[in-house]
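One structure is given here, and the rest of the page talks about it.
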Amino acid sequence: MLGPRLFSALAFLVLGSVGWQSAMGRQEASSHPVIGSGAHRYRWRGDWAKLPADMTLGNTHGCVVVDRQDRVYVNTDSRHAVLVFSPEGELLDAWGEELAGGLHGMALVEEEGVEVLYLTHTQLHRVAKATLDGEILWSLGFPEESGIYPKEARFRPTSVAVTEGGDFFVADGYGASWVHRYDAEANYVGSFGGPGREPGRMRIPHGIERQGHGQAGVLVSDRMNSRLQRFDLEGKHMAVLGEDLRRPCHTHTTEEGIWVPDLDGRVTLLDHTGKVIVHLGENPVEQLRGKNG
C-alpha cells in the first residue's frame with residue numbers, strides 16, 4: 001500500500017486505502033470514487049487540497065514533491081508558483097511570486113543533511129536551486145556551451161533530476177528536446193537526445209527522474225513518442241519501455257514499479273520492465289483529454 005509520497009503532477013489524484021470504505025456515508029463514497037483493480041484499488045480525493053476562498057490552483061502542470069515531514073510541494077502557474085500542503089491537504093505556505101507563470105519542474109534532494117529544491121522555469125529559461133521556503137540559492141541560464149541554441153528563448157526546461165553525487169540533468173521538454181548534464185558545481189558537461197522518433201531521440205522529454213530501487217540511470221518521459229526511455233548517468237541510451245502509454249509526463253519509481261501520470265487523463269503503474277500493472281482513472285471523453293481547461 002502506498003504512503004503519502006505518490007501524487008500526480010497533473011491533478012490531485014491522492015491515492016489512499018479503500019479499507020475504510022464501509023465507514024463512509026453514501027454521499028462521501030459517491031463523491032470519492034474507487035479506481036483501479038485487484039491489489040491496486042484507491043480512492044480519488046478531488047477535494048484533498050484545501051485553499052482559501054480567494055485562491056485557486058490554476059494550471060498545475062509542473063511537479064509534485066514530498067519532504068521528510070511529508071509536506072507536499074506543488075508547482076502552479078498562479079501568482080504563487082509553489083504551494084505547500086500538509087499530508088491532510090491543509091495549505092501551509094505559498095511562495096514564488098517572482099517565479100509565477102512558468103515554474104514547471106521541481107526535484108527535492110538532501111545535501112549535507114539539508115533538503116533543497118532544484119527548479120526549472122520555462123519562461124525565464126533557467127534552472128535554479130532554492131531552499132524549502134523559497135530562497136533562491138543560485139540560478140543558471142541556458143547551456144550556451146552546447147552549441148544547440150541560437151538564442152536563450154529556445155531553451156524551455158520542464159524537468160530536473162539530481163544524482164546522489166550532486167550532478168544534475170535538465171530536460172528541455174518545451175524547447176529543443178535535448179537533455180543536458182551538469183556536474184555538482186553546475187558546470188555544463190554534455191547533452192544527449194535531440195528531436196526524433198528513433199531510440200535515444202525524443203519528442204518533448206517532459207519529465208526526467210533519477211531512478212533508484214535497483215534501476216540505475218535516469219528515466220525520461222518522452223511524451224509525444226508515447227514512451228519512456230532509460231539512459232545511464234553518462235547519457236548512453238539503455239532501453240525504451242512503457243506499453244499502452246498515451247502522453248506520459250513524468251515518472252515516480254518505487255519498489256513495486258514505475259508510476260506514470262499521463263496527460264491524457266489517467267495514472268499508470270508499470271512494472272520495472274515497462275509492462276502495465278494497472279491504469280488508474282480515465283477521462284471518458286476523448287476530446288477533453290490533455291486539455292488544460
Side-chain angles (χ1 to χ4, degrees), residues 1-3 5-11 13 15 35-42 61-66 105 107 158-164 168-173 177-179 181 192-283 286 289-290:
M1 187 59 64
L2 293 176
R5 289 187 171 271
L6 177 63
F7 293 85
S8 167
L10 306 178
L13 210 178
L15 311 178
I35 58 177
S37 61
H40 295 283
R41 299 174 68 240
Y42 307 95
H61 65 134
C63 282
V64 174
V65 297
V66 184
T158 51
S159 190
V160 58
V162 187
T163 72
E164 291 182 354
F168 59 95
F169 297 81
V170 178
D172 185 19
S177 286
W178 288 83
V179 174
R181 179 184 167 204
F192 59 90
R197 298 176 183 270
E198 61 268 40
R201 297 282 184 171
M202 297 169 258
R203 294 193 302 152
I204 306 187
H206 191 273
I208 187 167
E209 176 199 7
R210 180 185 65 81
Q211 289 197 283
H213 302 280
Q215 308 297 316
V218 293
L219 191 61
V220 178
S221 298
D222 186 7
R223 189 164 80 179
M224 295 311 293
N225 282 327
S226 302
R227 65 192 182 188
L228 309 178
Q229 296 200 69
R230 184 174 286 139
F231 298 83
D232 70 14
L233 294 181
E234 304 297 322
K236 178 184 176 182
H237 184 258
M238 302 297 290
V240 173
L241 64 160
E243 61 180 30
D244 196 20
L245 298 176
R246 294 170 179 165
R247 288 192 278 178
C249 287
H250 215 290
T251 57
H252 178 70
T253 301
T254 67
E255 291 183 358
E256 59 189 326
I258 304 166
W259 295 89
V260 187
D262 197 302
L263 183 65
D264 283 358
R266 65 188 182 191
V267 173
T268 296
L269 174 61
L270 306 172
D271 69 17
H272 289 294
T273 70
K275 296 185 181 301
V276 173
I277 296 174
V278 68
H279 292 300
L280 299 177
E282 180 64 280
N283 188 334
E286 185 174 353
R289 295 173 185 166

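The structure places CD of Glu209 at 7.0 Å from NE2 of His252, a figure rounded to the nearest 0.5 Å. The line from OG1 of Thr273 to CD of Glu243 is 7.5 Å long, rounded to the nearest 0.5 Å. The NE2 atom of His40 sits 8.5 Å away from the CG atom of Leu280 when rounded to the nearest 0.5 Å. The line from CG of Leu245 to CG of Asp264 is 10.5 Å long, rounded to the nearest 0.5 Å.
Nearest heavy atoms, Pro261 versus Thr251: CD-N, 4.4 Å. Minimum heavy-atom separation, Ala107 to Val160: CB-O, 3.4 Å. Across all non-hydrogen atoms, the minimal contact from Thr254 to Trp259 is OG1-NE1, 3.5 Å. Nearest approach of Cys63 to Gly105, heavy atoms of both residues: SG-CA, 4.0 Å. Looking at every heavy atom in both residues, Met202 comes nearest to Phe192 through CE-O, 3.9 Å. Between His272 and Arg230, the closest heavy-atom pair is O-NH2, 3.9 Å.
Checked by atom type, the side-chain pair Asp244/His279 shows a donor-acceptor distance below 3.5 Å.
Thr163 contributes no side-chain N or O that, together with a main-chain N or O of Phe168, makes up a donor-acceptor pair within less than 3.5 Å. Looking only at distances, no side-chain donor or acceptor of Asp271 sits under 3.5 Å from a matching main-chain atom of Gly257. Side-chain atoms of Gln229 come within 3.5 Å of backbone N or O of Gly200 as a donor-acceptor pair. With hydrogens and angles disregarded, no donor-acceptor distance shorter than 3.5 Å links the side chain of Asn225 to the backbone of Arg227. Without hydrogens or angle criteria, Asp262 side chain to Arg266 main chain gives no donor-acceptor distance under 3.5 Å. In this structure, Ser177 contributes its side chain and Ile204 its backbone to a donor-acceptor pair below 3.5 Å. Looking at Thr158, its side chain does come within 3.5 Å of a backbone N or O of His206 through a donor-acceptor pair.
Two residues are said to be in side-chain contact when any heavy atoms from C-beta on lie closer than 4.5 Å; Arg223 and Cys249 meet this criterion. For the pair Arg289/Glu282, a side-chain contact is recorded, criterion being any heavy-atom separation below 4.5 Å from C-beta on. Counting heavy atoms from C-beta outward, Leu228 and Leu270 have side chains that approach closer than 4.5 Å. Within the 4.5 Å cutoff, the side chain of Leu241 has heavy atoms near those of the Ile258 side chain. No side-chain heavy atom of Arg41 sits less than 4.5 Å from a side-chain heavy atom of Val278. Put simply, the side chain of Arg210 reaches to within 4.5 Å of the side chain of Glu164, judged on heavy atoms.
Residue Glu198 qualifies as enclosed at atom CD: its count of foreign heavy atoms under 6.0 Å is above 12.
Using the six-membered ring where Trp is involved, Phe231 and His237 have ring planes that are perpendicular, over 60° apart on the 30 and 60° scheme.
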